[in-house]
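Read through the structure below, which is laid out as structure tokens, and then see the notes.
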Amino acid sequence: MRVLVTGGAGFIGSHIVAALTARGHETVVLDALLPSAHGAAPVGGTELVRVDVRDRDALAGVLRGVDSVSHQAAMVGLGNGFADAPEYVACNDLGTAVLLTAMAEAGVGDLVLAGSMVVYGEGRYECPRHGAVRPGPRTRVDLDAGRFEPRCPRCGAELVPGLVDEDAPTDPRNVYATTKLAQEHLSAAWARATGGRAISLRYHNVYGPGMPRDTPYAGVASFFRSALARGEPPRVFEDGGQRRDFVHVRDVAAAGATALEGLTGREPGTLAVFNTGSGRPRTVGEMACALARVHGGPEPVVTGEYRLGDVRHITASSHRLTEELGWRATVGFEEGITEFARDGPRDPGQGAVTRAQDRKGGNDRRLLG
């Protein structure tokens, strides 16, 4: 199978390229190669084309002879606030629309999309009196007072967080989350209109080797590791009790390769969504402490700070992905954290540009792989 991997020189994309290559597939990497996105270059022998995914003319040539697409190119994270909204929409949603249009014109009918758990908003909660409930967004008043845990919207009782499944309603609570849900809707519309087959893997908190050093768009694990490398304590927001599903990038890459292979035989004209997580919740504080322990300190500092767009708890049930496609996470938390801590933060983009074929003169738009 010949696979186009958009954002394939980035953190997750480069691991997907490696996983596909190991399985005997041929890959073509499309990436804008922005310095803020890249901590690892694709494996040797991979065709690398420097193109912005919004460049429709260039895509037409790149898609010739391609059997399927792994769409990883996106602008990620919460960024610098709402001022980033136009770029998020342009990169993630316009970029996906242009790619899907080019795929339709080229007759490429199989797609795996990098989805995200952020589309759910808050995760699953149980009230002792009212069962499963969906708390509303947390207020600034509560957060300023250190009241971080959502309460039952009906009786105000404390809630018990659980694992969210794919049938949960979506409730994106920031710009990035909204664009990730729009990408799924665009992919579903493309599948219906063209008879294509699509899968969205809703990644949970991905970490692992090759993760670039912290930028406004990086994940919490990258911030913690970079602080430790500077000899500073990781700064943990809220009280550190936020529950997340930290899943290793090699497990995510294996899920991406498995999903591409699993498109064969799926019903045309449909989009299937799958959570992609370890299934083993950890708190943000636990992540910080584990990294500090492997690094040899300093110990994390709990700051009480918060970001209004963050949710309190979101952890995954990946049962559907296991049942339908046979994937399961294999990298344990301690093993993964030890490797990640010792990998060291990398300067993004080193060594990648010299291997690229620039189809359109090196347009350096802010498209993160």
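Quick caveat, the model's predicted, so the values are computed rather than measured. These numbers come from the heavy atoms of this one structure, side chains and all, not from hydrogens, waters or symmetry mates.
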Results of ring-ring contact (aromatic ring centres under 6.0 Å, His included) for Tyr120 - residues two or more places apart only: none
Partners passing ring-ring contact (aromatic ring centres under 6.0 Å, His included) against His71 (at least two apart in sequence or in another chain): none
Residues clustering with Leu271 (ILVMFWY side chains joined when closer than 4.5 Å, directly or via others): Val273
The single option from Met117, Arg282, Met287 passing side-chain contact (heavy atoms from CB on, under 4.5 Å) against Asn205: Met117
Member of Lys180, Glu184, His185, Arg202 meeting the side-chain contact (heavy atoms from CB on, under 4.5 Å) criterion with Thr170: Arg202
Carboxylate-amine/guanidinium contact [X] [Y], below 4.0 Å:
{"X": "Arg23", "Y": "Glu261", "result": "yes"}
{"X": "Glu286", "Y": "Arg243", "result": "no"}
{"X": "Asp343", "Y": "Arg225", "result": "yes"}
{"X": "Arg2", "Y": "Glu47", "result": "yes"}
{"X": "Arg312", "Y": "Glu149", "result": "yes"}
{"X": "Asp142", "Y": "Arg140", "result": "no"}

Within the distance-only criterion (no hydrogens, no angle test), does the side chain of [X] pair as donor or acceptor with the backbone N or O of [Y] below 3.5 angstrom?
{"X": "Tyr88", "Y": "Val76", "answer": "yes"}
{"X": "Asn174", "Y": "Ala177", "answer": "yes"}
{"X": "Asp245", "Y": "Gly279", "answer": "yes"}

Please report the closest heavy-atom contact between [X] and [Y], naming both atoms and the distance.
{"X": "Ala73", "Y": "Gly7", "result": "CB-N, 3.7 Å"}
{"X": "Pro298", "Y": "Pro233", "result": "CG-N, 3.4 Å"}
{"X": "Gly162", "Y": "Thr315", "result": "O-OG1, 3.1 Å"}
{"X": "Arg134", "Y": "Pro169", "result": "NH2-O, 3.5 Å"}

Residues which pass salt bridge (charged side-chain N to carboxylate O under 4.0 Å, His left out) with Arg56, listed by chain and number, not counting sequence neighbours: Glu105
Listed partners of Arg328 passing salt bridge (charged side-chain N to carboxylate O under 4.0 Å, His left out), at least two apart: none
Residue among Arg138, Arg147, Arg244 satisfying salt bridge (Lys or Arg N to Asp or Glu O under 4.0 Å) with Glu238: Arg138
Any side-chain donor-acceptor pair under 3.5 Å between [X] and [Y]?
{"X": "Thr6", "Y": "Gln72", "value": "no"}
{"X": "Asn92", "Y": "Tyr176", "value": "no"}
{"X": "Asp251", "Y": "Ser278", "value": "no"}

Trace of the side chain to side chain contact (heavy atoms under 4.5 Å, CB included) decision for Trp327 with Ser318: CA-CA 9 Å; Trp327 172 91; Ser318 300; 4.0 Å; yes
Pair Tyr203-Asn275, side chain to side chain donor-acceptor pair (under 3.5 Å): steps then yes or no: CA-CA 6 Å; Tyr203 301 156; Asn275 287 337; over 6 Å; no
Rounded distance (nearest 0.5 Å) linking atom [atom1] of [X] with atom [atom2] of [Y]:
{"X": "Leu30", "Y": "Leu33", "atom1": "CG", "atom2": "CG", "answer": "9.0 Å"}
{"X": "Arg50", "Y": "Asp31", "atom1": "CZ", "atom2": "CG", "answer": "9.5 Å"}
{"X": "Trp190", "Y": "Leu99", "atom1": "CH2", "atom2": "CG", "answer": "9.0 Å"}

Summary of salt bridge (Lys or Arg N to Asp or Glu O under 4.0 Å) pairs that have at least one residue in residues 110-133, sequence neighbours excluded: Asp110-Arg197, Arg124-Glu126
Cluster link Val98 to Leu100, ILVMFWY, side chain under 4.5 Å: yes
Single-linkage hydrophobic cluster Leu113~Leu263, side-chain heavy atoms < 4.5 angstrom: no
Close side-chain approach of Leu143 and Leu308, heavy atoms under 4.5 Å: yes
Ring geometry between Tyr207 and Phe246 (parallel below 30°, tilted from 30 to 60°, perpendicular above 60°): perpendicular
Worked check of side chain to side chain contact (heavy atoms under 4.5 Å, CB included) between Val5 and Val28: CA-CA 6 Å; Val5 184; Val28 179; over 6 Å; no
